[in-house]
There are 2 protein chains.
Amino acid sequence: MVRAGLTTTRLIQAGAELADDVGFDQVTVSALARRFDVKVASLYSHLKNSQDLKTGIALLALEELADRGATALAGRAGKDALTALANVYRDYAREHPGRYAAAQLRLTPEAAAASAGSRHSQMTRAILRGYDLTEPDQTHAVRLLGSVFHGYVSLEMGGGFSHSAPDSQETWTRILDALDALLRNWPAR
Amino acid sequence: MVRAGLTTTRLIQAGAELADDVGFDQVTVSALARRFDVKVASLYSHLKNSQDLKTGIALLALEELADRGATALAGRAGKDALTALANVYRDYAREHPGRYAAAQLRLTPEAAAASAGSRHSQMTRAILRGYDLTEPDQTHAVRLLGSVFHGYVSLEMGGGFSHSAPDSQETWTRILDALDALLRNWPAR
DNA sequence: TCATTTGCCTAAACCCTTTAGGTAAATGCA
DNA sequence: TGCATTTACCTAAAGGGTTTAGGCAAATGA
């Protein structure tokens, strides 16, 4: 009997690949066991339960996204930074649709606290340093950008913008132009 | 043996209530059968399968949302209309979280074509008549508004904006102000 | 080398989905 | 009103996912 060498990390990594291959909601402990050619019950030594696997994939995706964001933001400011971070989310979702879906998972407060969630808001806040916003407008703007990035990417991935002119790339560019203009002319109360 | 009076319509209606009660992803044919105190197999005379139920709930939610939107828009224009439609989405999601989640379901092209989806984009387009945008900027703006509404509501429901100042209502108001300002000063290419 | 720990296994219970085929209630026509 | 048909719900069963309990063999380490 040769051992498969399962670890929680490897399982979550493979789960992320599985998610990208077949969709996040098709990720099951059973499918993962099949991938390792191992019996289902064996995974339960490494995973508390099915939810645990999904949460793990979500946390992995949030970290990867934050890492990419940090890299993209390095040395950029203003609109350049805005565009770079926005494209990180969009590109990641296209390259890793399953992981991106995982990143939208509703986390428990504990999991959320341990996640890269705060890095994400920090990065958005960093972008706003290139614009002239004071609190609490900065927070409003962070939330707006988060909403647009997430909303656009998820509608685009759902096919909402395909099969109609103008193409989605064009809209994306113009929306980033518009957001930049808005941040430069943020309306006072 | 007293009959329960099941019909596809009643099942989907009850499925929508179930979704609001326990969450859309907890909606199962089994749970629905329990609610009617009927055996599971009995539902399969009215429902093709489990997916069919979920799609039905999604279509119901999209119709309800479109109906509310149409009512809200009647007699309004400009920022007034913008705010009204935005609040329709946000309020609906709060009142009917399960249905709102259902409305995000990825539909097949046929289901999507038969859905109220086009009514939604038409409503957003109607709002833009109060602003001075020509094609293709109108389409870009429709997509932006859709992204913000959907993105904000889904992040807010996920708890993203709770437990931090300023409160979410304040941000929502300021975002609508900002979008109004942006639409009035949409940047040229 | 032998004891301990670790990794994967079998077995079994439970829940959800879906289909096939049956019976009783409702309906509708003479 | 009586009977045939249709309709509504049922039982049974197969297939798949989740999860726990308990077992044996491989790896580790004294």
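Letters A, B, ... mirror the listed sequences (proteins, then strands); counts begin at 1. We use all heavy atoms of the structure for the numbers below, so side chains are in, but hydrogens, waters and symmetry mates are not.
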**OP:** Verify whether one side chain among B:Thr171 and A:His140 offers a donor that lies under 3.5 Å from an acceptor in the other.
**Re:** yes
Original post:
Between atom CG of A:Leu176 and atom CZ of A:Arg90, what is the distance when rounded to the nearest 0.5 Å?
Top reply: 8.5 Å
Original post:
How long is the line joining OH of B:Tyr44 and P of D:dC9, in whole Å?
Top reply: 16 Å
**OP:** Take atom CG of B:Leu43 and atom C1' of D:dC9, then tell me their distance rounded to the nearest Å.
**Re:** 10 Å
Original post:
Among residues 6-21 of chain A, which contact DNA chain C at a heavy-atom distance under 4.0 Å?
Top reply: A:Leu6
Original post:
Does any non-hydrogen side-chain atom of B:Leu144 lie less than 4.5 Å from one of A:Tyr152?
Top reply: no
Original post:
Would you say a side-chain N or O of A:Ser42 is under 4.0 Å from OP1 or OP2 of C:dG7?
Top reply: no
Original post:
Does B:Val148 share a hydrophobic cluster with B:Tyr89, counting links as ILVMFWY side-chain heavy atoms below 4.5 Å and allowing steps through other members?
Top reply: yes
**OP:** Can you sort out the partners of A:Asp91 under side chain to side chain contact (heavy atoms under 4.5 Å, CB included), two or more places apart, ordered by chain and number?
**Re:** A:Asn87, A:Glu95
**OP:** May I ask you to list the residues of residues 27-39 of chain A, by number, that have any heavy atom positioned under 4.0 Å from an atom of DNA chain C?
**Re:** A:Val38, A:Lys39
Original post:
Which residues in residues 50-58 of chain A have at least one heavy atom lying under 4.0 Å from any atom of DNA chain C?
Top reply: none
Original post:
Can you name the salt bridge (Lys or Arg N to Asp or Glu O under 4.0 Å) partners of B:Asp21, sequence neighbours left out?
Top reply: B:Arg35
Original post:
So, do A:Tyr131 and A:Leu82 sit near enough that their side-chain heavy atoms are less than 4.5 Å apart?
Top reply: yes
Original post:
Would A:Phe161 end up clustered with A:Phe149 when hydrophobic side chains under 4.5 Å apart are linked, directly or stepwise?
Top reply: yes
Original post:
Do any pairs count as a salt bridge (Lys or Arg N to Asp or Glu O under 4.0 Å) and have a residue in residues 114-123 of chain A, sequence neighbours left out, and if so which ones?
Top reply: A:Glu63-A:Arg119, A:Asp67-A:Arg119
Original post:
Any side-chain N or O of A:His46 under 4.0 Å from OP1/OP2 of C:dC8?
Top reply: yes
Original post:
Are A:Glu135 and A:Arg125 within salt-bridge range, i.e. N to O under 4.0 Å?
Top reply: yes
